[in-house]
Amino acid sequence: MPGLAIKAEGLTRRFGDFVAVNNLDLMIPEKTIYGFLGPNGCGKSTTMRLLTGLLTPSAGQVTVLGMDIPKDSEALRMRLGYMTQKFSLYDDLSVEENLKFIAQIYNLPARTSKLRIEQQLSEFGLNQRRKRLAGSLSGGQRQRLALSAATLHQPELLLLDEPTSAVDPENRRDFWETLFDLCEQDTTILVSTHYMDEAERCHGLAILESGCKRADDSPKALLENLGAHVLEVDGDNLRQVKSTLESLPGVLSTAQQGTHLRVLVKEQFSTPEQWLHQQYPELMADRTIRQVRPSLEDVFVQCTR
Ligand SMILES: Nc1ncnc2c1ncn2[C@@H]1O[C@H](COP(=O)(O)OP(=O)(O)OP(=O)(O)O)[C@@H](O)[C@H]1O
């Protein structure tokens, strides 16, 4: 049974009267990839900063890798890697110089530093670009450099704050493959995202909204416990159908997706397609209504309504 890399109880952070992180409990198993999914401003970055010890909690207890935060944050520094939303390396240093600088910050011995820099340049596909200024790299290359820097000292826990917001789908895919490689080498990874497909890749997931945790489980369990039927409704005048269905108490949400309407219906109706037909026989006549598998977006909509 794996231990916990992060345990937080009642974690809270206020900025004046505003509560950015509200009474958060977290149990993040070690050697897993755990995601924070939530919209802008829901408190993902603030929570990450609290977990690194960069920010002091207003209330609550946090243990990271068995150490108390913020008390032991200095001692924990060597065991953590943190990649912020912004590219935090030096544009006017080369790729190699940036890594050398990071090695100095972490006080890596000269031999280790040399070895690790070569390993990272090769593993992250940056060998050919080692003399290039970081500022001249593409978005994907910058992101690879940032991750190679964050993992140079081989941290046990890696915190990644929206690491893929500036990269294309192919680079995102490669990036996630790298995360699974790191996880297999026993690194615990906490990653924040607002992309549903990324959230679905995580072993465990917390859905955050307005500083509160709305759900916390594996993506599979979250999908299984949606607590709603998901229907697709085809046909004309979907905008009118949408506004009509929205006023039905049994309908939880509606959203148009191309040529159909995705409708979340309360779980209590055993045959939701029939139920919808019965509610509006005329409006629903000649329309195809089919039940489909839930997506993580449905889960997100359902628990942040
Ligand atoms: N230093 C601060 N002073 C005042 N308010 C802050 C401070 N830092 C964050 N906040 C507020 O706390 C809330 C949560 O911010 P946070 O950056 O944690 O959200 P987020 O989920 O990471 O969003 P994003 O994806 O936009 O980065 C926001 O409303 C933000 O304005």
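Just so you know, these numbers come straight off a predicted model, no measurement behind them. Start at 1 and go down the list; that is how both ligands and their atoms are numbered.
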Using a 3.5 Å cut-off and no angle test, enumerate the donor-acceptor pairs between side-chain atoms of residues 278-285 and protein atoms at least two apart in sequence or in another chain.
unit_1 : atom_1 : unit_2 : atom_2 : d
Q279   : NE2    : W275   : O      : 3.3

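Counted by atom type alone, Q119 and R116 present one or more donor-acceptor pairs between their side chains at under 3.5 Å.
Under a 4.0 Å N-O distance rule, the pair D25/K7 does not qualify as a salt bridge.
More than 12 heavy atoms of other shown residues, nucleotides or ligands fall within 6.0 angstrom of atom CG in D92.
Closer than 4.0 angstrom to ligand 1 by heavy atom are F15, F18, A20, P39, N40, G41, C42, G43, K44, S45, T46, Q85, E162, sorted by chain and number.
Residues in residues 151-187 take part in these ring-ring contact (aromatic ring centres under 6.0 Å, His included) pairs, two or more places apart or across chains: Y106-H153, F180-H203.
The ring pair (Phe, Tyr, Trp, His ring centres under 6.0 Å) search around F101 returns Y90, not counting sequence neighbours.
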